[in-house]
There are 4 protein chains.
Amino acid sequence: MKAVVVKPPGAGVWIKEVQDPGDPQGRVRIRTLETGICGTDREIVNGRRLTTSPPPGREELILGHEAIGVGEEGDGIFREGDLVMPVNRRPCGKCLNCKAGRPDYCETGQFVQAGANSLDGFMREYWNDEPKYLVKVPPAVREFAILAQPLADVEKSVEEILTVQRRLIWNCEDGTLSCRKALVIGTGTTGLLFALLLKTEGMEVWVSNRREPREWEAKVFQEVGLNFLNSSKGYGGESFDLIVEASGSTAAVVGEALSSLRRNGVLGLFSFPREESFSLDHRGVQTFVMRANAIVGLVNGQKPHFQRAMVHLSAWNSIWPNAVRSMITKVVSVRDEGEVIRVLREKVRGEIKVKIDWT
Amino acid sequence: MKAVVVKPPGAGVWIKEVQDPGDPQGRVRIRTLETGICGTDREIVNGRRLTTSPPPGREELILGHEAIGVGEEGDGIFREGDLVMPVNRRPCGKCLNCKAGRPDYCETGQFVQAGANSLDGFMREYWNDEPKYLVKVPPAVREFAILAQPLADVEKSVEEILTVQRRLIWNCEDGTLSCRKALVIGTGTTGLLFALLLKTEGMEVWVSNRREPREWEAKVFQEVGLNFLNSSKGYGGESFDLIVEASGSTAAVVGEALSSLRRNGVLGLFSFPREESFSLDHRGVQTFVMRANAIVGLVNGQKPHFQRAMVHLSAWNSIWPNAVRSMITKVVSVRDEGEVIRVLREKVRGEIKVKIDWT
Amino acid sequence: MKAVVVKPPGAGVWIKEVQDPGDPQGRVRIRTLETGICGTDREIVNGRRLTTSPPPGREELILGHEAIGVGEEGDGIFREGDLVMPVNRRPCGKCLNCKAGRPDYCETGQFVQAGANSLDGFMREYWNDEPKYLVKVPPAVREFAILAQPLADVEKSVEEILTVQRRLIWNCEDGTLSCRKALVIGTGTTGLLFALLLKTEGMEVWVSNRREPREWEAKVFQEVGLNFLNSSKGYGGESFDLIVEASGSTAAVVGEALSSLRRNGVLGLFSFPREESFSLDHRGVQTFVMRANAIVGLVNGQKPHFQRAMVHLSAWNSIWPNAVRSMITKVVSVRDEGEVIRVLREKVRGEIKVKIDWT
Amino acid sequence: MKAVVVKPPGAGVWIKEVQDPGDPQGRVRIRTLETGICGTDREIVNGRRLTTSPPPGREELILGHEAIGVGEEGDGIFREGDLVMPVNRRPCGKCLNCKAGRPDYCETGQFVQAGANSLDGFMREYWNDEPKYLVKVPPAVREFAILAQPLADVEKSVEEILTVQRRLIWNCEDGTLSCRKALVIGTGTTGLLFALLLKTEGMEVWVSNRREPREWEAKVFQEVGLNFLNSSKGYGGESFDLIVEASGSTAAVVGEALSSLRRNGVLGLFSFPREESFSLDHRGVQTFVMRANAIVGLVNGQKPHFQRAMVHLSAWNSIWPNAVRSMITKVVSVRDEGEVIRVLREKVRGEIKVKIDWT
């Protein structure tokens with residue numbers, strides 16, 4: 001069968017024939033319907049993600065960690081024909097958090113990640129999997145359900161931030177989070193998903209970019225009720241209870257964000273900055289302490305977060321139908337191999353989420 | 001303007017002209033679009049809810065605690081034309097939980113409740129309100145959004161149960177609640193809403209009634225993936241991690257439920273039984289202790305729960321569209337006064353939710 | 001070596017020679033210094049605890065689950081000569097709570113309990129154990145450290161109650177629990193330990209019994225600052241935010257307690273009632289729901305609770321030295337076999353904690 | 001009456017006569033027994049704490065935020081003769097956290113602080129206070145009870161860290177924190193108190209300084225079971241689940257600490273660095289995110305933490321009597337005014353806690 005293959009940690013990507021997984025042997029056989037492409041895939045393809053590794057004893061790795069498939073055969077909680085999405089990070093089997101189904105907090109670092117670390121990904125025609133790593137996809141949101149993979153990371157992040165804030169009374173006088181002002185830095189896939197989720201949680205939400213919003217972005221901000229901040233000239237004196245770094249631009253952004261945190265405010269770091277440093281002098285550290293601020297590193301959503309992602313996509317389908325549909329900016333057929341290779345190599349201007357269609 | 005009026009604690013209900021609330025005076029003026037009827041309304045109308053009281057200094061009370069309206073005038077976070085739903089229980093202003101927007105945990109008992117205790121309800125053409133007691137209704141779910149009021153109570157209940165279970169690791173080995181088996185006793189409005197919400201939370205959900213399901217119920221159970229248990233001959237040896245009493249039948253149900261709780265299991269009491277007692281002998285108490293069981297009384301959702309209810313109704317609109325629509329079993333025009341009085345007086349066979357249309 | 005042996009589920013108790021555990025084989029060899037006697041031991045001895053079982057393949061069980069020993073040999077975190085106390089309930093090895101060191105919330109029911117269920121107890125001259133089941137005993141509190149075993153159960157119970165109450169803001173306006181009024185029913189070992197711990201947590205604490213306090217009890221109440229309630233004529237209109245049943249008398253007490261719970265109040269069931277039933281009519285259930293009350297079954301402290309118990313005994317040694325010492329009402333030498341058998345068979349009037357001295 | 005007075009934000013300190021507070025008028029009149037001196041007092045005296053302010057309308061401020069007094073007159077929960085310690089930070093009266101008795105999380109910044117911000121301190125012969133700001137001091141620990149003020153800050157910090165870590169399963173396989181390795185940077189008052197408390201919480205605890213331990217320190221480390229790390233040449237490859245910065249030296253320490261955090265590890269910032277900056281390049285930020293690390297600013301203990309501090313001092317009095325006594329390194333009589341001024345102006349080499357005796 002056809003698959004998208006890389007040879008980590010080297011650069012390069014190939015579409016080639018690989019062995020069909022065959023009989024699921026107690027697992028579920030899944031036919032791939034579509035796969036999504038994200039920044040991590042391109043880092044792997046371009047040889048810039050040095051921690052990437054093939055499965056033990058092999059040199060090639062099948063790429064892809066965002067997928068929707070259809071169950072074709074095998075036991076489990078799914079019925080044939082059910083749409084499913086696989087969870088990409090899998091437990092180490094040793095530490096307590098992994099035993100509890102939470103390899104996002106793996107303590108050994110020996111977890112594996114489909115399409116990235118020691119486990120083949122989903123850019124292939126078929127794969128076999130265990131039901132416990134599969135999440136049901138509601139047919140009604142099929143069109144943009146691929147967003148559930150990055151959204152799962154965002155769901156986990158917001159859950160973690162809310163847990164951290166249990167250190168104080170963070171709810172407002174009306175019992176909701178309406179008095180809390182959040183800033184999401186970056187308007188890419190995760191930036192937008194953070195904005196939608198924080199809005200859903202009842203906060204006043206701002207998104208920022210170093211440029212004016214594009215026309216379709218402006219429409220989304222209007223539909224959802226988001227405030228936009230052009231941060232090319234700073235934050236204009238605005239301060240926030242929560243800031244999420246989702247731009248993946250420079251480490252310097254961290255410093256800017258810290259100085260805009262209100263008392264008891266949290267900075268969530270989600271994206272990997274690509275360059276630069278940030279520095280904080282002793283007065284900055286003092287302010288951080290006096291304001292009871294916190295910084296949290298946010299990684300990886302797990303099965304409960306995939307489930308919640310499906311619920312939220314289903315809700316947004318009703319209330320912000322344009323926003324979720326706008327985020328699928330391109331679909332490429334797997335038969336158009338040249339185009340597949342091209343979208344895997346580099347980001348198209350204005351792109352949010354690109355999907356490969358395997359049907 | 002027209003209003004539905006009762007004279008608590010006596011029986012009786014009248015449709016009559018009352019004074020228009022007029023200028024909102026810093027509040028929001030809302031035009032009523034529709035109001036829902038629930039069991040509590042009928043208890044008030046039939047003089048069986050002895051704790052009902054009119055506003056101070058008056059003898060009449062305007063009925064109604066489930067409503068959707070449209071903002072017509074006034075300041076606040078809402079724009080003219082926004083659909084809104086009011087929160088029915090309002091704080092005592094004295095205790096810490098009320099100051100934190102959570103009169104569901106009022107400590108003084110001096111909270112007020114629209115249409116029930118010391119505060120006029122929403123069965124009238126207009127009312128004025130403070131934005132902090134109003135929740136936005138997504139237009140896409142307008143058709144069944146009245147369910148958000150009872151659903152808010154259910155949302156609060158599930159939140160509370162999950163908090164109580166933080167005493168142990170209640171998540172399963174896949175990080176979700178997939179290994180937890182829940183039983184909802186009763187298939188009325190709240191019973192069904194509990195079932196939908198617990199299913200959304202990822203549990204295996206059973207619903208029970210003392211009869212076979214009606215045809216439309218069977219369809220809903222099928223669509224949502226609920227298991228049905230005819231409890232007229234007991235629970236057939238099934239045991240549960242969570243049981244919610246939402247039948248409002250007899251206190252004896254509590255005893256049956258307790259004996260079907262698994263280790264660490266919780267019984268949530270939501271409905272008011274109308275008769276009988278339950279009793280537990282010393283061996284039953286021993287079992288309860290040895291199994292680390294818990295019983296929790298579940299009352300009243302607040303603003304955060306109304307917001308979450310809107311999100312879930314929006315999601316169910318996508319994934320279980322038939323289930324939510326099936327629950328609106330009748331709409332009566334306020335102009336048909338005889339019929340309004342009739343539906344306020346007694347339940348129709350097969351009824352789930354009846355709405356009065358005020359437009 | 002000498003051991004105290006029973007033949008469950010039959011009645012009877014024998015002091016006899018059993019095989020020395022010998023070489024600890026990677027575990028720790030511990031010489032028993034003293035063992036405590038509690039109500040459960042007497043139920044076993046008198047054949048009234050039907051769930052008691054010997055280790056697999058045997059007919060006899062070594063009794064005893066409260067012990068202090070001294071490490072004599074073997075690896076681990078302990079140094080030779082360290083005083084240690086063993087944790088009595090051990091994990092099933094299968095469920096997630098047991099894997100996380102919390103067999104108090106075992107889901108399979110396949111945990112074992114030293115001196116009670118499938119595992120030999122500590123009423124013998126030596127035993128071998130794994131360091132992970134041993135807790136260090138501070139020499140300064142050696143005199144009454146045996147209380148740490150029942151206190152561990154109490155620590156776990158209070159932790160659980162505080163977790164359950166996280167459903168609301170339970171802290172008072174000064175940030176402490178000073179506005180919370182607790183009633184402990186029963187003035188035996190666990191009753192007194194509950195009272196001391198709840199007082200330490202900052203609550204207003206009442207203890208009750210169906211008689212006037214004995215002279216030494218009155219002194220303890222005075223030293224600790226506890227209020228006494230003679231409940232032979234009811235609770236005199238007092239109401240409470242927390243009630244703990246620690247009398248082990250009758251199930252009827254549960255009903256009395258429920259009717260004295262304030263809004264949001266919790267009833268913790270700790271002891272096993274020996275007789276009678278309690279019943280609650282539909283009005284009682286309604287009140288329970290409207291008041292958002294909760295009932296929780298409280299069982300078994302684990303290693304973190306034993307550790308905390310040692311800290312609290314060390315604190316009480318400084319602040320309430322008389323109270324903790326008063327609770328050791330009798331010490332019997334293991335050489336006085338007739339007396340050992342006698343105290344194992346029946347409770348002495350006025351007894352709190354009886355120890356057997358193995359040195 | 002005599003008082004120690006400063007004129008913020010200028011440098012200087014005076015012992016002078018001020019007006020006696022007189023009739024407590026519904027509050028409690030307290031006679032000062034002793035006051036402690038900490039680094040903040042010296043920063044005020046030396047004009048280096050620029051945020052210091054006198055009470056409204058005045059130019060002078062009475063210094064002192066660590067005190068033990070004896071109730072002499074007035075209503076409240078205390079009896080005449082009770083030893084009490086005042087809570088130093090007082091609520092703004094406006095925000096929800098302050099209303100809940102938690103001005104450590106004040107949102108307005110309008111809280112006041114005795115002896116530091118807009119409220120007179122306790123370095124005077126008498127003061128009047130409200131019972132809700134007073135904590136009982138157990139006579140048994142009177143000798144070193146002044147440590148309860150800095151310990152309250154430490155108690156709050158550890159509580160906050162444990163709350164933040166609820167984002168994952170942080171307990172170990174034996175249910176305790178025994179697998180968690182903590183490093184406390186700094187061996188001053190707060191550093192030592194952190195070490196004692198984290199040890200009490202069951203962790204493996206390391207303390208570090210840039211020099212070898214002094215002889216008395218070595219004895220304390222031995223008594224408590226602490227590991228020492230001379231960090232003048234780095235951390236020697238050790239890594240930690242928790243690091244607390246309590247040295248108040250340079251901001252550069254923050255960078256060193258971050259690079260020694262394990263997966264899911266937390267860095268707690270308690271002290272104010274006096275100089276330098278720290279910087280983190282984009283790779284450092286990536287590592288922080290991938291390891292799911294967190295940084296938390298730790299400020300100010302409140303009444304529940306003072307109460308817990310008294311409990312822990314009482315426990316340590318039994319188990320580590322030498323450690324707590326070693327920390328009181330000097331007592332100066334208030335009558336020796338020259339010496340009082342001297343100890344307020346500068347730190348003595350080897351000093352931990354210096355007290356002024358007001359009797």
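The sequence lines fix the lettering, A, B, ..., with proteins before strands; numbering per chain opens at 1.
For A:S271, the part sitting under 4.5 Å from any heavy atom of chain D is the backbone (N, CA, C, O) and nothing else. Heavy atoms of A:I169 lying under 4.5 Å from chain D belong to its backbone as well as its side chain. Neither the backbone nor the side chain of A:C95 comes within contact range of chain D; no heavy atoms are under 4.5 Å apart. Both the backbone and the side chain of D:L96 come within contact range of chain A, judged by heavy atoms closer than 4.5 Å.
Of all the listed residues (D:R262, D:K99, D:E173), the one sharing the greatest number of non-hydrogen pairs under 4.5 Å with chain A is D:E173. Contact tally against chain D (heavy-atom pairs below 4.5 Å) for A:I295, A:T163, A:D281: the top residue is A:I295. The greatest number of non-hydrogen atom pairs below 4.5 Å with chain D, out of A:T108, A:L280, A:L269, A:V164, is found for A:L280. When A:A251, A:G284, A:S277 are compared by the number of non-hydrogen pairs under 4.5 Å with chain D, A:S277 comes out ahead. Looking only at heavy-atom pairs under 4.5 Å with chain D, the residue among A:N300, A:D241, A:V296, A:L267 that has the most is A:V296. When D:A100, D:A294, D:G268 are compared by the number of non-hydrogen pairs under 4.5 Å with chain A, D:A294 comes out ahead. When D:E275, D:E245, D:Q165, D:R167 are compared by the number of non-hydrogen pairs under 4.5 Å with chain A, D:R167 comes out ahead.
What you find for A:N264 and D:Y105 is that their closest heavy atoms are ND2-O, 3.0 Å. Minimum heavy-atom separation, A:L168 to D:E107: CD1-OE2, 3.8 Å.
Judged as a side chain to side chain contact (heavy atoms under 4.5 Å, CB included), and not counting sequence neighbours, A:R274 has no contacts. The ring pair (Phe, Tyr, Trp, His ring centres under 6.0 Å) check on A:H65 picks up nothing, with sequence neighbours excluded.
D:N293 contributes no side-chain N or O that, together with a main-chain N or O of A:G297, makes up a donor-acceptor pair within less than 3.5 Å. Between the side chain of A:Q286 and the main chain of D:P273, a donor-acceptor pair closer than 3.5 Å is present.
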